[in-house]
Enquirer: 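If you scroll down you'll find the structure; I have some questions about it.
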Protein chains: 2
Amino acid sequence: MKTKKNLYIYSMELDDAKQKFIQAWGTLGSNWGINRTMAQVHALLLISSDPLCADDIMEMLKISRGNANMNIRALIDWGLVFKELKAGERREYFVGEKDMWNVVRQIIKHRKKKELEPVLKVLSEVSDVDGNSQDKEDFLNVVEEIQRFASKADRTLDKLINSDANWLVSTFMKMM
Amino acid sequence: MKTKKNLYIYSMELDDAKQKFIQAWGTLGSNWGINRTMAQVHALLLISSDPLCADDIMEMLKISRGNANMNIRALIDWGLVFKELKAGERREYFVGEKDMWNVVRQIIKHRKKKELEPVLKVLSEVSDVDGNSQDKEDFLNVVEEIQRFASKADRTLDKLINSDANWLVSTFMKMM
DNA sequence: TTATACTTTCAAAAGTTTTTGAAAACTAAA
DNA sequence: TTTAGTTTTCAAAAACTTTTGAAAGTATAA
(Lines give C-alpha, C1' and ligand atoms only; values in the text may rest on other atoms or scores of the structure.)
Protein backbone atom coordinates (compact mmCIF):
# COMPACT_ATOMS: atom_id res chain seq x y z
CA MET A 1 0.00 0.00 0.00
CA LYS A 2 1.17 3.46 -0.86
CA THR A 3 1.62 5.65 2.19
CA LYS A 4 1.78 9.23 0.87
CA LYS A 5 -1.72 10.53 0.74
CA ASN A 6 -1.64 11.92 -2.79
CA LEU A 7 -0.17 8.72 -4.18
CA TYR A 8 -2.79 6.71 -2.39
CA ILE A 9 -5.63 8.75 -3.84
CA TYR A 10 -4.21 8.65 -7.33
CA SER A 11 -3.69 4.94 -7.09
CA MET A 12 -7.28 4.29 -6.07
CA GLU A 13 -8.56 6.27 -8.98
CA LEU A 14 -6.45 4.56 -11.59
CA ASP A 15 -7.41 1.20 -10.14
CA ASP A 16 -11.07 2.18 -10.24
CA ALA A 17 -10.76 3.19 -13.87
CA LYS A 18 -9.07 -0.11 -14.67
CA GLN A 19 -11.76 -2.06 -12.83
CA LYS A 20 -14.47 -0.20 -14.70
CA PHE A 21 -12.77 -0.88 -18.00
CA ILE A 22 -12.43 -4.60 -17.21
CA GLN A 23 -16.09 -4.84 -16.23
CA ALA A 24 -17.23 -3.01 -19.37
CA TRP A 25 -15.14 -5.25 -21.59
CA GLY A 26 -16.63 -8.30 -19.86
CA THR A 27 -20.16 -7.08 -20.50
CA LEU A 28 -19.40 -6.30 -24.13
CA GLY A 29 -17.90 -9.75 -24.56
CA SER A 30 -20.82 -11.58 -23.06
CA ASN A 31 -23.23 -9.67 -25.31
CA TRP A 32 -21.21 -10.99 -28.22
CA GLY A 33 -21.19 -14.64 -27.26
CA ILE A 34 -17.75 -14.43 -25.69
CA ASN A 35 -17.49 -15.73 -22.14
CA ARG A 36 -17.51 -12.82 -19.68
CA THR A 37 -14.41 -14.04 -17.84
CA MET A 38 -12.52 -14.59 -21.08
CA ALA A 39 -13.21 -10.98 -22.03
CA GLN A 40 -12.16 -9.78 -18.57
CA VAL A 41 -8.87 -11.66 -18.70
CA HIS A 42 -8.30 -10.13 -22.09
CA ALA A 43 -9.05 -6.63 -20.78
CA LEU A 44 -6.72 -7.13 -17.82
CA LEU A 45 -3.86 -8.20 -20.08
CA LEU A 46 -4.58 -5.33 -22.49
CA ILE A 47 -3.99 -2.77 -19.78
CA SER A 48 -1.09 -4.53 -18.04
CA SER A 49 2.23 -3.30 -19.28
CA ASP A 50 3.96 -6.28 -17.69
CA PRO A 51 3.23 -9.95 -18.37
CA LEU A 52 1.03 -11.61 -15.73
CA CYS A 53 1.00 -15.19 -14.48
CA ALA A 54 -2.05 -17.30 -13.70
CA ASP A 55 -1.92 -16.40 -10.00
CA ASP A 56 -1.86 -12.68 -10.78
CA ILE A 57 -4.94 -13.07 -12.95
CA MET A 58 -6.74 -15.22 -10.37
CA GLU A 59 -6.07 -12.67 -7.70
CA MET A 60 -6.88 -9.58 -9.71
CA LEU A 61 -10.13 -10.94 -11.10
CA LYS A 62 -11.00 -13.04 -8.03
CA ILE A 63 -11.53 -16.23 -9.99
CA SER A 64 -10.54 -19.85 -9.44
CA ARG A 65 -7.48 -21.52 -10.89
CA GLY A 66 -9.52 -23.71 -13.23
CA ASN A 67 -11.46 -20.79 -14.60
CA ALA A 68 -8.32 -18.73 -15.13
CA ASN A 69 -6.58 -21.59 -16.87
CA MET A 70 -9.48 -22.37 -19.21
CA ASN A 71 -9.93 -18.79 -20.31
CA ILE A 72 -6.24 -18.10 -20.78
CA ARG A 73 -6.12 -21.22 -22.95
CA ALA A 74 -9.09 -20.01 -25.02
CA LEU A 75 -7.50 -16.58 -25.51
CA ILE A 76 -4.26 -18.18 -26.70
CA ASP A 77 -6.37 -20.26 -29.13
CA TRP A 78 -7.96 -17.10 -30.46
CA GLY A 79 -4.55 -15.48 -30.90
CA LEU A 80 -5.38 -12.69 -28.46
CA VAL A 81 -2.88 -13.66 -25.77
CA PHE A 82 0.64 -15.06 -25.91
CA LYS A 83 2.78 -17.06 -23.51
CA GLU A 84 5.95 -15.41 -22.36
CA LEU A 85 8.64 -17.31 -20.52
CA LYS A 86 10.97 -15.51 -18.15
CA ALA A 87 14.55 -16.71 -17.91
CA GLY A 88 15.11 -18.79 -14.77
CA GLU A 89 11.37 -18.82 -13.91
CA ARG A 90 9.26 -21.87 -14.10
CA ARG A 91 5.82 -20.35 -14.23
CA GLU A 92 4.25 -19.10 -17.43
CA TYR A 93 3.53 -15.44 -18.00
CA PHE A 94 1.05 -14.03 -20.45
CA VAL A 95 0.81 -10.87 -22.53
CA GLY A 96 -2.18 -9.59 -24.48
CA GLU A 97 -2.20 -8.61 -28.14
CA LYS A 98 -2.05 -4.84 -27.88
CA ASP A 99 -2.77 -3.85 -31.47
CA MET A 100 -6.53 -3.31 -31.63
CA TRP A 101 -6.61 -3.94 -35.32
CA ASN A 102 -5.11 -7.41 -34.80
CA VAL A 103 -7.57 -8.04 -31.97
CA VAL A 104 -10.54 -7.19 -34.17
CA ARG A 105 -9.11 -9.20 -37.03
CA GLN A 106 -8.67 -12.33 -34.92
CA ILE A 107 -12.18 -12.07 -33.54
CA ILE A 108 -13.68 -11.66 -37.01
CA LYS A 109 -11.69 -14.63 -38.28
CA HIS A 110 -12.89 -16.86 -35.47
CA ARG A 111 -16.53 -15.91 -35.59
CA LYS A 112 -16.72 -16.02 -39.37
CA LYS A 113 -15.51 -19.61 -39.36
CA LYS A 114 -17.80 -20.61 -36.52
CA GLU A 115 -20.95 -18.82 -37.64
CA LEU A 116 -21.06 -17.44 -41.15
CA GLU A 117 -19.58 -20.44 -42.90
CA PRO A 118 -22.05 -23.02 -41.46
CA VAL A 119 -24.94 -20.75 -42.45
CA LEU A 120 -23.69 -20.49 -46.03
CA LYS A 121 -23.48 -24.27 -46.10
CA VAL A 122 -27.06 -24.72 -44.90
CA LEU A 123 -28.33 -22.09 -47.35
CA SER A 124 -26.80 -23.91 -50.28
CA GLU A 125 -28.16 -27.25 -49.03
CA VAL A 126 -31.71 -25.98 -48.71
CA SER A 127 -31.53 -24.31 -52.15
CA ASP A 128 -31.39 -27.81 -53.55
CA VAL A 129 -35.00 -28.54 -52.63
CA ASP A 130 -37.16 -30.45 -55.14
CA GLY A 131 -40.56 -29.65 -56.67
CA ASN A 132 -41.95 -26.68 -58.53
CA SER A 133 -44.84 -25.14 -56.64
CA GLN A 134 -45.27 -21.41 -56.05
CA ASP A 135 -44.55 -22.12 -52.41
CA LYS A 136 -41.16 -23.52 -53.30
CA GLU A 137 -40.37 -20.53 -55.52
CA ASP A 138 -41.23 -18.15 -52.67
CA PHE A 139 -39.00 -20.10 -50.32
CA LEU A 140 -36.13 -20.07 -52.80
CA ASN A 141 -36.46 -16.33 -53.29
CA VAL A 142 -36.02 -15.72 -49.58
CA VAL A 143 -33.11 -18.14 -49.34
CA GLU A 144 -31.44 -16.61 -52.38
CA GLU A 145 -31.71 -13.09 -51.05
CA ILE A 146 -30.08 -14.18 -47.82
CA GLN A 147 -27.42 -16.01 -49.81
CA ARG A 148 -26.56 -12.89 -51.77
CA PHE A 149 -26.23 -10.96 -48.55
CA ALA A 150 -24.26 -13.60 -46.74
CA SER A 151 -21.80 -14.21 -49.58
CA LYS A 152 -21.17 -10.52 -49.86
CA ALA A 153 -20.48 -10.37 -46.12
CA ASP A 154 -18.26 -13.44 -46.38
CA ARG A 155 -16.15 -11.93 -49.14
CA THR A 156 -15.93 -8.57 -47.42
CA LEU A 157 -14.78 -10.17 -44.18
CA ASP A 158 -12.13 -12.14 -46.04
CA LYS A 159 -10.79 -8.89 -47.44
CA LEU A 160 -10.82 -7.38 -43.97
CA ILE A 161 -9.00 -10.32 -42.43
CA ASN A 162 -6.29 -10.22 -45.08
CA SER A 163 -5.85 -6.49 -45.09
CA ASP A 164 -3.80 -4.18 -42.90
CA ALA A 165 -4.82 -1.36 -40.61
CA ASN A 166 -4.24 1.35 -43.21
CA TRP A 167 -6.51 -0.39 -45.66
CA LEU A 168 -9.23 -0.40 -43.03
CA VAL A 169 -8.88 3.28 -42.30
CA SER A 170 -8.86 4.25 -45.96
CA THR A 171 -11.97 2.14 -46.54
CA PHE A 172 -13.71 3.80 -43.64
CA MET A 173 -12.80 7.13 -45.19
CA LYS A 174 -14.22 6.16 -48.56
CA MET A 175 -17.41 5.06 -46.89
CA MET A 176 -18.03 8.54 -45.51
CA MET B 1 -52.53 -34.39 -45.92
CA LYS B 2 -51.87 -34.57 -49.62
CA THR B 3 -52.94 -37.87 -51.15
CA LYS B 4 -51.20 -38.04 -54.55
CA LYS B 5 -47.86 -39.69 -54.04
CA ASN B 6 -45.73 -37.16 -55.90
CA LEU B 7 -47.33 -34.24 -54.12
CA TYR B 8 -46.74 -35.95 -50.81
CA ILE B 9 -43.09 -36.52 -51.53
CA TYR B 10 -42.56 -32.97 -52.77
CA SER B 11 -44.27 -31.62 -49.72
CA MET B 12 -42.03 -33.57 -47.36
CA GLU B 13 -38.93 -32.27 -49.04
CA LEU B 14 -39.96 -28.63 -49.01
CA ASP B 15 -40.95 -28.99 -45.38
CA ASP B 16 -37.59 -30.55 -44.58
CA ALA B 17 -35.79 -27.68 -46.26
CA LYS B 18 -37.89 -25.19 -44.31
CA GLN B 19 -37.22 -27.02 -41.06
CA LYS B 20 -33.51 -27.02 -41.76
CA PHE B 21 -33.58 -23.33 -42.55
CA ILE B 22 -35.47 -22.54 -39.33
CA GLN B 23 -33.03 -24.58 -37.25
CA ALA B 24 -30.01 -22.94 -38.88
CA TRP B 25 -31.42 -19.47 -38.29
CA GLY B 26 -32.04 -20.40 -34.65
CA THR B 27 -28.44 -21.52 -34.20
CA LEU B 28 -27.10 -18.40 -35.88
CA GLY B 29 -29.28 -16.25 -33.64
CA SER B 30 -28.19 -17.93 -30.44
CA ASN B 31 -24.53 -17.50 -31.41
CA TRP B 32 -25.27 -13.79 -31.68
CA GLY B 33 -26.94 -13.34 -28.35
CA ILE B 34 -30.43 -13.54 -29.84
CA ASN B 35 -32.73 -16.05 -28.18
CA ARG B 36 -32.93 -19.23 -30.27
CA THR B 37 -36.74 -19.28 -30.32
CA MET B 38 -36.91 -15.61 -31.30
CA ALA B 39 -34.70 -16.35 -34.30
CA GLN B 40 -36.79 -19.40 -35.21
CA VAL B 41 -40.05 -17.45 -35.10
CA HIS B 42 -38.40 -14.88 -37.32
CA ALA B 43 -37.23 -17.54 -39.77
CA LEU B 44 -40.69 -19.09 -39.88
CA LEU B 45 -42.31 -15.76 -40.67
CA LEU B 46 -39.64 -14.96 -43.26
CA ILE B 47 -40.53 -18.03 -45.29
CA SER B 48 -44.30 -17.88 -44.78
CA SER B 49 -46.03 -16.10 -47.61
CA ASP B 50 -49.19 -15.76 -45.52
CA PRO B 51 -49.49 -14.11 -42.12
CA LEU B 52 -49.49 -16.55 -39.19
CA CYS B 53 -51.25 -16.34 -35.84
CA ALA B 54 -49.85 -17.31 -32.42
CA ASP B 55 -51.41 -20.79 -32.64
CA ASP B 56 -49.83 -21.45 -36.03
CA ILE B 57 -46.43 -20.52 -34.67
CA MET B 58 -46.91 -22.60 -31.50
CA GLU B 59 -47.88 -25.60 -33.55
CA MET B 60 -45.21 -25.27 -36.23
CA LEU B 61 -42.34 -24.71 -33.80
CA LYS B 62 -43.81 -26.91 -31.02
CA ILE B 63 -43.51 -24.24 -28.38
CA SER B 64 -45.77 -23.05 -25.57
CA ARG B 65 -48.15 -20.13 -25.79
CA GLY B 66 -46.12 -18.02 -23.37
CA ASN B 67 -42.92 -18.59 -25.25
CA ALA B 68 -44.54 -17.78 -28.58
CA ASN B 69 -46.10 -14.63 -27.21
CA MET B 70 -42.89 -13.33 -25.62
CA ASN B 71 -40.80 -13.85 -28.69
CA ILE B 72 -43.36 -12.39 -31.10
CA ARG B 73 -43.47 -9.34 -28.83
CA ALA B 74 -39.69 -9.05 -28.88
CA LEU B 75 -39.59 -9.31 -32.67
CA ILE B 76 -42.19 -6.56 -32.98
CA ASP B 77 -40.03 -4.46 -30.65
CA TRP B 78 -37.05 -5.01 -32.90
CA GLY B 79 -39.09 -4.01 -35.96
CA LEU B 80 -38.62 -7.42 -37.58
CA VAL B 81 -42.26 -8.52 -37.38
CA PHE B 82 -45.54 -6.65 -37.83
CA LYS B 83 -49.08 -7.24 -36.63
CA GLU B 84 -51.63 -7.71 -39.32
CA LEU B 85 -55.33 -7.67 -38.56
CA LYS B 86 -57.75 -9.54 -40.81
CA ALA B 87 -61.19 -8.03 -41.36
CA GLY B 88 -63.82 -9.80 -39.27
CA GLU B 89 -61.20 -11.82 -37.37
CA ARG B 90 -60.42 -11.29 -33.78
CA ARG B 91 -57.06 -12.96 -33.53
CA GLU B 92 -53.83 -11.22 -34.45
CA TYR B 93 -51.76 -12.32 -37.41
CA PHE B 94 -48.10 -11.61 -37.93
CA VAL B 95 -45.87 -11.04 -40.94
CA GLY B 96 -42.08 -10.87 -41.05
CA GLU B 97 -40.02 -8.07 -42.54
CA LYS B 98 -39.01 -9.65 -45.84
CA ASP B 99 -36.44 -7.15 -47.03
CA MET B 100 -33.11 -8.50 -45.81
CA TRP B 101 -31.54 -5.09 -45.91
CA ASN B 102 -34.15 -3.77 -43.49
CA VAL B 103 -33.68 -6.83 -41.29
CA VAL B 104 -29.94 -6.26 -41.06
CA ARG B 105 -30.46 -2.55 -40.50
CA GLN B 106 -32.85 -3.10 -37.59
CA ILE B 107 -30.51 -5.58 -35.96
CA ILE B 108 -27.54 -3.23 -36.27
CA LYS B 109 -29.59 -0.37 -34.83
CA HIS B 110 -30.65 -2.42 -31.84
CA ARG B 111 -27.30 -3.88 -31.01
CA LYS B 112 -25.45 -0.63 -31.54
CA LYS B 113 -27.66 1.07 -28.98
CA LYS B 114 -27.43 -1.81 -26.54
CA GLU B 115 -23.73 -2.53 -26.85
CA LEU B 116 -21.57 -0.02 -28.62
CA GLU B 117 -23.00 3.10 -27.03
CA PRO B 118 -22.55 1.96 -23.40
CA VAL B 119 -18.95 1.02 -24.19
CA LEU B 120 -18.23 4.45 -25.66
CA LYS B 121 -19.68 5.96 -22.51
CA VAL B 122 -17.45 3.88 -20.22
CA LEU B 123 -14.39 4.62 -22.36
CA SER B 124 -14.93 8.33 -22.04
CA GLU B 125 -15.56 8.02 -18.29
CA VAL B 126 -12.36 6.08 -17.67
CA SER B 127 -10.34 8.54 -19.82
CA ASP B 128 -11.03 11.08 -17.13
CA VAL B 129 -8.75 9.33 -14.64
CA ASP B 130 -6.49 11.48 -12.46
CA GLY B 131 -2.77 11.36 -11.80
CA ASN B 132 0.31 11.42 -14.02
CA SER B 133 2.32 8.24 -13.66
CA GLN B 134 3.68 6.24 -16.58
CA ASP B 135 1.15 3.57 -15.63
CA LYS B 136 -1.67 6.02 -16.19
CA GLU B 137 -0.25 7.09 -19.55
CA ASP B 138 -0.05 3.47 -20.67
CA PHE B 139 -3.63 2.88 -19.61
CA LEU B 140 -4.82 6.01 -21.44
CA ASN B 141 -3.03 4.94 -24.60
CA VAL B 142 -4.89 1.65 -24.67
CA VAL B 143 -8.22 3.31 -23.91
CA GLU B 144 -7.66 5.93 -26.56
CA GLU B 145 -6.81 3.41 -29.22
CA ILE B 146 -10.02 1.55 -28.46
CA GLN B 147 -11.91 4.84 -28.49
CA ARG B 148 -10.63 5.70 -31.95
CA PHE B 149 -11.72 2.31 -33.18
CA ALA B 150 -15.07 2.36 -31.48
CA SER B 151 -15.99 5.87 -32.62
CA LYS B 152 -15.11 4.98 -36.15
CA ALA B 153 -17.33 1.92 -35.92
CA ASP B 154 -20.08 4.01 -34.35
CA ARG B 155 -20.05 6.56 -37.15
CA THR B 156 -19.88 3.91 -39.83
CA LEU B 157 -22.84 2.06 -38.38
CA ASP B 158 -24.83 5.31 -38.25
CA LYS B 159 -24.18 5.78 -41.94
CA LEU B 160 -25.23 2.22 -42.60
CA ILE B 161 -28.43 2.57 -40.60
CA ASN B 162 -29.38 5.75 -42.42
CA SER B 163 -28.49 4.57 -45.86
CA ASP B 164 -30.41 2.53 -48.41
CA ALA B 165 -29.69 -0.84 -49.95
CA ASN B 166 -28.05 0.63 -53.06
CA TRP B 167 -25.66 2.62 -50.97
CA LEU B 168 -24.64 -0.55 -49.20
CA VAL B 169 -24.05 -2.42 -52.43
CA SER B 170 -22.05 0.38 -53.98
CA THR B 171 -19.94 0.64 -50.82
CA PHE B 172 -19.28 -3.07 -50.89
CA MET B 173 -18.21 -2.66 -54.51
CA LYS B 174 -15.80 0.14 -53.68
CA MET B 175 -14.32 -1.98 -50.91
CA MET B 176 -13.29 -4.67 -53.37
C1' DT C 1 -74.67 -8.21 -18.56
C1' DT C 2 -72.25 -12.64 -19.59
C1' DA C 3 -69.88 -15.64 -22.49
C1' DT C 4 -66.31 -16.31 -25.55
C1' DA C 5 -62.06 -15.84 -27.87
C1' DC C 6 -58.22 -14.42 -27.50
C1' DT C 7 -53.51 -12.19 -25.32
C1' DT C 8 -50.46 -11.38 -21.54
C1' DT C 9 -48.13 -12.45 -17.34
C1' DC C 10 -45.24 -14.74 -14.21
C1' DA C 11 -43.68 -18.26 -10.86
C1' DA C 12 -41.86 -22.53 -11.10
C1' DA C 13 -39.38 -26.13 -13.86
C1' DA C 14 -36.18 -27.38 -17.21
C1' DG C 15 -32.19 -26.56 -19.65
C1' DT C 16 -27.69 -24.46 -20.40
C1' DT C 17 -23.39 -22.32 -19.30
C1' DT C 18 -19.97 -21.05 -16.18
C1' DT C 19 -17.30 -21.62 -12.16
C1' DT C 20 -15.15 -24.04 -8.57
C1' DG C 21 -11.59 -26.69 -6.38
C1' DA C 22 -9.49 -30.85 -5.48
C1' DA C 23 -7.01 -34.44 -7.73
C1' DA C 24 -4.13 -35.89 -11.51
C1' DA C 25 -0.59 -34.87 -14.62
C1' DC C 26 3.39 -32.73 -15.89
C1' DT C 27 8.16 -30.80 -15.54
C1' DA C 28 12.45 -29.22 -13.72
C1' DA C 29 15.71 -29.39 -10.31
C1' DA C 30 17.77 -31.65 -6.28
C1' DT D 1 14.97 -41.42 -8.61
C1' DT D 2 12.06 -38.08 -5.41
C1' DT D 3 10.28 -33.73 -4.42
C1' DA D 4 8.17 -29.41 -5.20
C1' DG D 5 6.28 -26.02 -8.14
C1' DT D 6 3.23 -25.55 -11.59
C1' DT D 7 -0.53 -26.48 -15.11
C1' DT D 8 -4.46 -29.17 -16.59
C1' DT D 9 -8.64 -31.69 -16.06
C1' DC D 10 -13.23 -32.62 -14.88
C1' DA D 11 -17.27 -33.74 -11.99
C1' DA D 12 -20.21 -31.38 -9.18
C1' DA D 13 -22.23 -26.90 -7.72
C1' DA D 14 -23.75 -22.42 -8.69
C1' DA D 15 -25.47 -19.04 -11.65
C1' DC D 16 -27.98 -17.77 -15.39
C1' DT D 17 -31.41 -18.23 -19.25
C1' DT D 18 -35.29 -20.09 -21.37
C1' DT D 19 -39.58 -22.41 -21.44
C1' DT D 20 -43.85 -23.91 -19.69
C1' DG D 21 -48.67 -23.60 -18.63
C1' DA D 22 -52.17 -22.16 -15.78
C1' DA D 23 -54.30 -18.05 -14.18
C1' DA D 24 -55.33 -13.30 -14.89
C1' DG D 25 -56.38 -9.80 -18.05
C1' DT D 26 -58.72 -7.72 -22.12
C1' DA D 27 -61.85 -6.92 -25.81
C1' DT D 28 -65.75 -8.13 -28.67
C1' DA D 29 -70.14 -9.85 -29.52
C1' DA D 30 -74.44 -11.82 -28.11
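Chain A is the first sequence line, chain B the second, and so forth, proteins listed ahead of strands; every chain is numbered from 1.
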Enquirer: Let me check something: do B/Leu80 and B/Leu160 share a hydrophobic cluster, defined by ILVMFWY side-chain heavy atoms less than 4.5 Å apart, either directly or through other members?
Expert: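 Per the 4.5 Å side-chain linkage, B/Leu80 and B/Leu160 are co-clustered.
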Enquirer: Rounded to the Å, how far apart are B/Ile63 CD1 and C/dA14 P?
Expert: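 It is 19 Å, rounded to the nearest whole Å.
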Enquirer: So if I take residues 65-82 of chain A and measure heavy-atom distances to DNA chain C, which residues fall below 4.0 Å?
Expert: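 Contacts with DNA chain C under 4.0 Å: A/Gly66, A/Asn67.
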Enquirer: Using a 4.0 Å cut-off on heavy atoms, which residues in residues 41-60 of chain B reach DNA chain D? List them by number, or say none.
Expert: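 Here the set is empty: none.
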Enquirer: With sequence neighbours left out, what residues match B/Glu137 under salt bridge (charged side-chain N to carboxylate O under 4.0 Å, His left out)?
Expert: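 So B/Glu137 forms no salt bridge (charged side-chain N to carboxylate O under 4.0 Å, His left out) with any residue.
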Enquirer: Just to verify, what does A/Asn67 make a side chain to side chain donor-acceptor pair (under 3.5 Å) with, not counting sequence neighbours?
Expert: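 So A/Asn67 forms a side chain to side chain donor-acceptor pair (under 3.5 Å) with A/Asn71.
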Enquirer: Parallel, tilted or perpendicular: which one describes the rings of A/Phe21 and B/Phe139, with boundaries at 30° and 60°?
Expert: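 Judged by the thresholds at 30° and 60°, the geometry between A/Phe21 and B/Phe139 is perpendicular.
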Enquirer: Given the rule that I, L, V, M, F, W and Y join up when any side-chain heavy atoms are under 4.5 Å apart, are B/Ile22 and B/Ile34 in one cluster?
Expert: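 Yes, B/Ile22 connects to B/Ile34 through the hydrophobic network.
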Enquirer: List in chain and number order the residues that pass side-chain contact (heavy atoms from CB on, under 4.5 Å) with B/Glu145, two or more places apart in sequence or in another chain; answer none if no residue qualifies.
Expert: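 Listed in chain order: A/Asp99, A/Met100, B/Arg148.
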Enquirer: Mapping B/Lys83 and A/Met38 onto DNA chain C by nearest heavy atom, which one lands closer to the 5' end?
Expert: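 Closer to the 5' end of DNA chain C: B/Lys83.
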Enquirer: Just checking B/Lys86: does its NZ atom have more than 12 heavy atoms from other residues, nucleotides or ligands closer to it than 6.0 angstrom?
Expert: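 Buried by this count: over 12 neighbours within 6.0 Å.
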Enquirer: Please list each protein N or O that sits under 3.5 Å from an N or O in nucleotides 25-30 of chain C, with the distance.
Expert:
| residue | atom | partner | partner atom | Å |
| --- | --- | --- | --- | --- |
| C/dT27 | O2 | A/Arg90 | NH2 | 2.9 |

Enquirer: For A/Lys109, what residues pass the salt bridge (charged side-chain N to carboxylate O under 4.0 Å, His left out) criterion, not counting sequence neighbours?
Expert: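 Once residues adjacent in sequence are excluded, A/Lys109 has no partner under the salt bridge (charged side-chain N to carboxylate O under 4.0 Å, His left out) criterion.
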Enquirer: Answer yes or no: does atom CE of A/Met38 have more than 12 heavy-atom neighbours from other residues, nucleotides or ligands under 6.0 Å?
Expert: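 Yes - once you tally the heavy atoms of other residues, nucleotides and ligands closer than 6.0 Å, there are more than 12.
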Enquirer: May I have the distance from A/Gln40 (atom CD) to C/dT18 (atom P), rounded to whole angstrom?
Expert: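 Atom-to-atom, A/Gln40 to C/dT18, this comes out as 13 Å.
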Enquirer: Between the two end axes of the helix from C/dT1-D/dA30 to C/dA30-D/dT1, each built from 5 base pairs, what angle do you get to the nearest 10°?
Expert: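 The two end axes of the helix from C/dT1-D/dA30 to C/dA30-D/dT1 meet at 0°.
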Enquirer: On DNA chain D, compare the nucleotides closest to B/Asn35 and A/Glu89; which residue's is nearer the 5' end?
Expert: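 Of the two residues, A/Glu89 wins.
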Enquirer: Sequence neighbours left out, what pairs pass salt bridge (Lys or Arg N to Asp or Glu O under 4.0 Å) with at least one residue falling in residues 20-44 of chain B?
Expert: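 Output for this query lists A/Glu125-B/Lys20.
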Enquirer: Hey, which of A/Ile76, A/Leu75, A/Val95 is the one that makes side chain to side chain contact (heavy atoms under 4.5 Å, CB included) with A/Phe82?
Expert: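 Exactly one candidate clears the test, A/Val95.
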Enquirer: Please determine if A/Arg111 forms a cation-pi arrangement with B/Trp32, meaning its NZ or CZ atom is less than 6.0 Å from the six-membered ring centre and no more than 45° off the ring axis.
Expert: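 Ring-cation test returns yes.
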Enquirer: Run the salt bridge (charged side-chain N to carboxylate O under 4.0 Å, His left out) test against A/Asp138 and tell me which residues pass, sequence neighbours left out.
Expert: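 Salt bridge (charged side-chain N to carboxylate O under 4.0 Å, His left out) list for A/Asp138, sorted by chain: empty.
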Enquirer: Which two nucleotides bound the region of DNA chain D that has atoms under 4.0 Å from heavy atoms of chain A, read 5' to 3'?
Expert: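 On DNA chain D, the outermost contacted nucleotides are D/dA4 to D/dT9.
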Enquirer: At under 4.0 Å, does any side-chain N or O of B/Arg91 touch on OP1 or OP2 of C/dC6?
Expert: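 Yes, B/Arg91 has a side-chain N/O under 4.0 Å of OP1/OP2 on C/dC6.
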Enquirer: In plain terms, say whether B/Asp158 and B/Lys112 are close enough for a salt bridge, that is, a side-chain N and a carboxylate O under 4.0 Å apart.
Expert: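 Looking at B/Asp158 and B/Lys112, the cut-off is met.
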Enquirer: Restricting to salt bridge (charged side-chain N to carboxylate O under 4.0 Å, His left out), what partner residues turn up for B/Arg65, sequence neighbours left out?
Expert: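 Per chain and number, B/Arg65 pairs via salt bridge (charged side-chain N to carboxylate O under 4.0 Å, His left out) with B/Asp55.
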